[in-house]
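Chain letters run A, B, ... following the sequence lines, proteins first, then strands; residues in each count from 1.
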Number of protein chains: 4
Amino acid sequence: MTDQRGPGRPRSEAARQAVLNAAMLDLDEHGYAALTMQGIAARAGVGKQTVYRWWSSKADVVLEALIERAEKIVVAPDAGTLEADLDAFLTATFREHGLRRVLTGLMAQALLDPEFAVAFRDRFLFSRRAALRQILDRAAARGEIPGDVDRELLIDMVYGLLWYRLMLDHAPLGEPVGRQLTGLLLRAVSAPPPGTGAASKPSGPMS
Amino acid sequence: MTDQRGPGRPRSEAARQAVLNAAMLDLDEHGYAALTMQGIAARAGVGKQTVYRWWSSKADVVLEALIERAEKIVVAPDAGTLEADLDAFLTATFREHGLRRVLTGLMAQALLDPEFAVAFRDRFLFSRRAALRQILDRAAARGEIPGDVDRELLIDMVYGLLWYRLMLDHAPLGEPVGRQLTGLLLRAVSAPPPGTGAASKPSGPMS
Amino acid sequence: MTDQRGPGRPRSEAARQAVLNAAMLDLDEHGYAALTMQGIAARAGVGKQTVYRWWSSKADVVLEALIERAEKIVVAPDAGTLEADLDAFLTATFREHGLRRVLTGLMAQALLDPEFAVAFRDRFLFSRRAALRQILDRAAARGEIPGDVDRELLIDMVYGLLWYRLMLDHAPLGEPVGRQLTGLLLRAVSAPPPGTGAASKPSGPMS
Amino acid sequence: MTDQRGPGRPRSEAARQAVLNAAMLDLDEHGYAALTMQGIAARAGVGKQTVYRWWSSKADVVLEALIERAEKIVVAPDAGTLEADLDAFLTATFREHGLRRVLTGLMAQALLDPEFAVAFRDRFLFSRRAALRQILDRAAARGEIPGDVDRELLIDMVYGLLWYRLMLDHAPLGEPVGRQLTGLLLRAVSAPPPGTGAASKPSGPMS
DNA sequence: GGATAAGCGAGACGGTACGTCAAGTCTTAGC
DNA sequence: GCTAAGACTTGACGTACCGTCTCGCTTATCC
């Protein structure tokens with residue numbers, strides 16, 4: 001269980017940090033669109049090749065920086081009830097909008113580059129979804145959510161709203177919205193279907 | 001209401017159509033990221049300057065093409081009840097995922113270019129929101145939705161879900177989802193608040 | 001010998017003058033290299049087509065302007081002796097260096113465009129040479145120049161010096177130089193060959 | 001006198017030669033006016049940026065090619081007498097008219113671009129003048145030329161003639177002309193002033 | 001006086017080259 | 001074998017003019 005290191009000069013941790021820092025600084029100052037591998041390398045005082053050796057694109061750099069800095073992940077401690085859990089999670093999540101520039105930049109890249117899209121989903125987005133899914137699963141186990149409710153749909157609605165407002169920036173996106181959303185979701189999952197129409201068949205499985 | 005034409009050679013409608021067509025073809029074949037103004041001009045058999053004269057970016061071209069081709073706008077005829085209206089609108093809307101490449105490409109551009117973001121919102125996104133808002137307003141007037149429900153939030157949740165799935169492409173996005181969503185929304189707006197907790201105060205105004 | 005004019009709107013003299021003026025002004029202000037047909041037309045308040053209808057290049061415009069403005073041609077009245085004639089002609093000619101920008105611009109164009117070179121030679125340069133040739137021919141007839149002197153060579157040396165200094169702008173170019181040159185030429189054509197070497201065979205025809 | 005090389009990949013001599021060659025070939029085939037930086041790069045199989053990195057214009061490229069290829073400079077060995085020196089130098093110089101296209105192209109550029117004009121003068125024209133000046137200075141030291149003769153004027157007359165005929169291409173320009181010119185110059189500098197007129201005061205200093 | 005014809009200002013058209021930027025790769029010397 | 005440096009090929013960028021064309025309009029001659 002050694003360090004597992006071959007011959008040759010070892011990777012420079014200083015260079016790695018310099019690159020991640022330079023990327024975040026440039027991003028804050030000039031926005032994601034103005035980021036370039038060239039610029040990151042220059043600002044970090046690092047050879048371009050060193051950047052390319054470890055990351056394949058500017059998005060890769062930013063993603064790593066984001067993950068490293070957001071290691072203080074939004075955890076979901078069990079508070080006993082769905083309402084309490086949801087409220088804690090959503091207010092915490094919707095408080096994150098300070099990362100707007102980073103997140104929308106990465107999303108833009110993911111939309112343009114399918115390869116990065118996979119990395120972005122797997123290394124970032126899905127780990128967030130997992131936390132919310134855990135909350136809902138717990139609530140279902142407690143019987144707070146009917147078994148016929150499509151929990152994936154609920155998750156997508158929560159994150160859909162978050163991303164939509166992050167991207168459009170046309171409406172507020174803070175704790176109050178999280179609280180509001182909690183209420184709406186609780187209503188939706190607890191109420192019986194209102195009408196009799198065929199449009200909603202809550203009792204059937206939703207594939 | 002005249003033709004409103006100044007002196008000089010009039011704009012060539014043929015060139016305009018050639019550009020829009022070339023852009024859509026290139027987009028379908030190679031994706032939005034591979035689109036270039038240069039390539040559009042070449043494929044359209046048009047001078048680069050002619051493209052720049054009328055559009056300021058590839059996103060501008062694609063947006064115009066999208067709007068022109070989607071002139072068959074999603075209208076919202078009054079079907080009498082919220083459920084019927086919603087079902088019609090949502091199934092129609094969620095059927096649109098054939099435009100995935102176009103829409104995600106434009107969104108990527110909007111995320112990178114604030115100037116284009118404004119155009120995209122104003123000329124496309126908001127006109128879609130307006131249709132849904134109309135349905136909800138009608139329902140509120142009929143008393144089908146409590147007055148204290150934040151209708152903008154509902155709209156954002158619907159489009160949030162649509163966009164989130166469009167972008168992540170991790171879950172289905174077709175008519176069934178539209179129907180499912182109809183059910184969920186109807187429950188949410190019709191049910192009384194489930195608990196008594198302070199987290200959701202449906203009876204107060206939501207700021 | 002009538003006006004020889006068919007049907008149709010006659011050429012606008014106003015436009016012609018406006019173009020020539022605009023060209024000379026732009027030339028004075030920004031130099032020949034910065035002249036463009038487009039710019040000339042715009043400054044003259046004239047359609048581009050109107051310029052192209054009557055002139056085939058910016059050089060053409062400038063040449064016509066030059067000729068029209070230099071109509072007050074350097075004539076060569078017979079002053080009786082070669083020395084007097086030469087002195088008058090050369091001092092007058094070398095006084096012209098105010099036209100430096102125009103002349104060097106046209107020469108540049110002539111060097112780049114063989115077609116214009118012909119026009120420049122025939123309509124401008126050769127008419128200048130003719131005046132000097134007349135002086136030398138008169139002197140030869142009077143016996144002031146030995147018959148074996150190549151008068152074309154003399155002419156080329158005079159204009160060669162003029163153009164060389166115009167172009168390089170490394171040495172003075174005014175009346176004193178004209179006077180100095182007169183002296184040198186007089187010596188060259190009046191003296192017997194200094195040596196006996198075969199290098200100069202003044203008695204043979206010079207082809 | 002070391003290699004004086006910093007870090008980083010060294011400049012590619014192959015690319016340099018390819019560019020200079022491509023320029024000369026294009027120039028020979030299509031003339032100076034048709035030369036473009038773009039075309040040179042393409043023909044040399046080199047990126048446009050590589051050309052711009054080392055040269056700032058097509059004229060710069062051609063000038064360097066000319067100087068490199070004309071390294072076999074016209075030297076002026078001392079043959080003992082002015083006549084012999086002059087004859088050798090002028091016949092050699094006037095033999096060079098094979099470079100007509102190159103030289104007139106560069107001169108055109110110099111006339112259009114003052115910045116290049118400086119480079120052209122300093123790196124090419126003046127080095128030629130220096131050779132001739134050396135010859136005249138030697139002759140003056142030997143007493144073959146009166147001290148009151150303006151040697152700069154003589155030099156300008158020689159090169160003036162050369163350039164005038166190079167540019168106008170209306171008269172021959174080969175060894176015979178060189179020989180002819182030798183004779184004319186010898187006469188001019190050795191003869192006493194022919195007349196008594198005030199126009200030429202050979203015994204006074206010429207300002 | 002109406003038809004015909006050419007010139008006019010304006011400005012869009014298809015092109016070509018410009019000079020710049022960043023991409024991603026390669027080649028040094030040095031640690 | 002990693003590092004900083006920096007030259008390399010590639011290709012799109014957005015701009016400037018080129019010379020041509022197509023408008024509506026004006027100004028002439030000719031029937």
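Rounded to whole Å, the distance from CD on B:Q109 to P on F:dC13 is 11 Å. Summarising the geometry, the separation between CD1 on C:I40 and C1' on E:dG9 is reported as 17 Å, rounded to the nearest angstrom. If you measure from atom CG of C:D60 to atom C1' of F:dG19, you get 15 Å, rounded to the nearest angstrom. Between the P atom of E:dT28 and the NZ atom of A:K48 lies a distance of 18 Å, rounded to the nearest Å. Here F:dT15 presents its C1' atom at 13 Å from CE of B:M37, a figure rounded to the nearest Å. Rounded to whole Å, the distance from CZ on C:R16 to C1' on E:dC8 is 17 Å. Rounded to an integer number of Å, the gap from A:Q38 CD to F:dA5 P is 13 Å. Taking atom OH of C:Y52 as the reference point, atom P of E:dC8 lies 16 Å away to the nearest angstrom.
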(request) Mind running side chain to side chain contact (heavy atoms under 4.5 Å, CB included) on C:R16 and C:W55 for me, showing each step along the way? (result) CA-CA 10 Å; C:R16 183 174 162 274; C:W55 297 277; 3.9 Å; yes

(request) Could you check C:L106 against C:F124 for side chain to side chain contact (heavy atoms under 4.5 Å, CB included), going step by step and ending with a plain yes or no? (result) CA-CA 10 Å; C:L106 290 175; C:F124 183 76; over 6 Å; no

(request) Evaluate the criterion side chain to side chain contact (heavy atoms under 4.5 Å, CB included) for residue pair C:L111 and D:Q109; output intermediate values, then yes/no. (result) CA-CA 9 Å; C:L111 294 178; D:Q109 197 64 223; over 6 Å; no

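One distance of note links CG of B:L27 with CG of B:L35; it measures 4.5 Å at 0.5 Å rounding.
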Between the protein and nucleotides 3-6 of chain E, which nitrogen or oxygen pairs come in under 3.5 angstrom?
unit_1	atom_1	unit_2	atom_2	d
E:dA6	N3	C:R9	N	3.3

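By the 6.0 Å contact criterion, CD on C:E115 is open, its count of non-hydrogen atoms from other residues, nucleotides or ligands being 12 or less.
Legend: residues meeting side chain to side chain contact (heavy atoms under 4.5 Å, CB included) with C:A117, ordered by chain and number and at least two apart, are C:A110.
Both A:Q49 and B:P10 lie close to DNA chain F; mapped to their nearest nucleotides by heavy-atom distance, the more 5′-ward contact belongs to A:Q49. Comparing B:G47 and D:S56 against DNA chain E, the residue whose closest nucleotide sits nearer the 5' end is B:G47. In terms of position on DNA chain E, the residue among A:K58 and D:K58 whose nearest nucleotide sits closer to the 5' end is D:K58.
Side-chain N/O atoms of C:T50 include none lying less than 4.0 angstrom from OP1 or OP2 on E:dG7.
Shown here for C:R43 and C:A22, the closest heavy-atom pair between the two residues is CG-CB, 3.7 Å.
Counting non-hydrogen atoms under 4.0 angstrom, B:G45 reaches the backbone sugars and phosphates but no base.
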